[in-house]
Amino acid sequence: MVREILIWPDPVLKQKARPVAKVDEAVRVLVKDMFETMYSAEGVGLAAPQVGVLQRIIVLDTTPSQPESKPIAMINPELIALEGETTYSEGCLSIPGESEDVDRAAVVTVKFLDVEGQEQTLRCDGLLAIAVQHETDHLNGTVFVDHVSTLKRELIRKRMKRLKTSRETGVRV
Ligand code: GNR
Ligand code: NI
């Protein structure tokens, strides 16, 4: 089931998500819904708070168009090592139509539980490393605009307010 994606500055997106205590069937259903929602919105990642669920769960697929693309679900992800620096023009499904440069670590090592509840460790670079940091930010109530200047953030806030009004009323504002 495709779920509705919350638009920033929804207050839920500012809250810290709670760790998953047990990887059970309900978690696997949520993960499935998150993948459906992410693919339907053409995103490369999605965090549970974006669909209104304050649990520490993220899904990723940075190469959805490639045949060997691998969907990754991470439960209770923890960044255990950050190496180097990179800058990437980021977007967010909760902030549609906006993108800004954000500085991040270039290589990250992340520890997490898979959908079977097994502990995994993954070292990644490129877009996957950026997406992992972007998604773990969501679990801590942070979005990419919190990493840009106040001026840019306030301009984006005004555009999101207009977007929300026009979506709710069907009127262009
Ligand atoms: O789809 C997404 N693209 C993206 C591009 C650059 C950096 C991060 C991202 S993640 C984003 C999906 C999203 O909002 N995940 O929370
Ligand atoms: Ni996002």
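Position 1 is the first residue of the sequence; numbering continues from there. Atoms within a ligand are numbered from 1 in the order they appear, just like the ligands themselves.
If you number the atoms of ligand 1 from 1 as listed, the ones under 4.0 Å from a heavy atom of Glu135 come out as 10 (S), 13 (C), 15 (N), 16 (O). Using a 4.0 Å cut-off to heavy atoms of Tyr88, the atoms of ligand 1 that qualify are 6 (C). Taking every heavy atom of Glu90 and a limit of under 4.0 angstrom, the matching atoms of ligand 1 come to 6 (C), 7 (C). Taking a cut-off of under 4.0 Å to the non-hydrogen atoms of His138, the atoms of ligand 1 that pass are 16 (O).
Minimum heavy-atom separation, Ala41 to Leu93: O-CD2, 3.6 Å. Minimum heavy-atom separation, Leu139 to Pro77: CD1-CG, 3.6 Å. Shortest non-hydrogen contact noted between Cys124 and Ala129 is O-CB, 3.5 Å.
The local environment of CZ in Arg18 is sparse, with at most 12 non-hydrogen atoms from other residues, nucleotides or ligands closer than 6.0 Å. Atom CZ of Arg157 has more than 12 heavy atoms from other residues, nucleotides or ligands within 6.0 Å.
Rounding to the nearest 0.5 angstrom, the gap separating the OG1 atom in Thr109 from the CG atom in Leu79 is 9.0 Å. Put simply, CD1 on Ile156 and CD on Glu100 are 4.5 Å apart, with the number rounded to the nearest 0.5 Å. Expressed to the nearest 0.5 Å, how far CG of Leu113 lies from CZ of Arg56 amounts to 12.0 Å.
Below 30°, between 30° and 60°, or above 60°: for His134 and His138 the angle between ring planes is above 60°, a perpendicular geometry.
Across Cys92, Gly91, Ala131, heavy-atom proximity to atom 9 (C) of ligand 1 is greatest for Gly91. Proximity annotation for atom 12 (C) of ligand 1: of Gly43, Gly45, Ala41, Gly45 comes nearest, heavy atoms only.
Below 3.5 Å of separation, one finds no N or O of Leu127 facing any N or O of ligand 1. Checked against a 3.5 angstrom limit, the closest N/O atoms of Ala47 and ligand 1 fall outside it. On a distance-only criterion, His134 and ligand 1 share at least one N/O pair closer than 3.5 Å. For the pair Ser89 and ligand 1, the shortest N or O to N or O distance does not fall below 3.5 Å.
The protein heavy atom nearest to atom 14 (O) of ligand 1 is Leu93 N, 2.8 Å. Counting only heavy atoms of the protein, atom 2 (C) of ligand 1 lies nearest to Val44 CG2, 3.6 Å.
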Hey, can you pull the donor-acceptor pairs under 3.5 Å for the side chains in residues 2-9, sequence neighbours left out?
{"from": "Arg3", "atom 1": "NE", "to": "Asp33", "atom 2": "OD2", "distance (Å)": "2.9"}
{"from": "Arg3", "atom 1": "NH2", "to": "Asp33", "atom 2": "OD2", "distance (Å)": "2.8"}

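Here the Ni ion (ligand 2) has protein N, O or S atoms under 2.8 Å from it, and they come to 3.
The ring-ring contact (aromatic ring centres under 6.0 Å, His included) search around His147 returns none, not counting sequence neighbours. With sequence neighbours left out, the side chain to side chain contact (heavy atoms under 4.5 Å, CB included) criterion links Ile130 to Thr86, Tyr88, Glu90.
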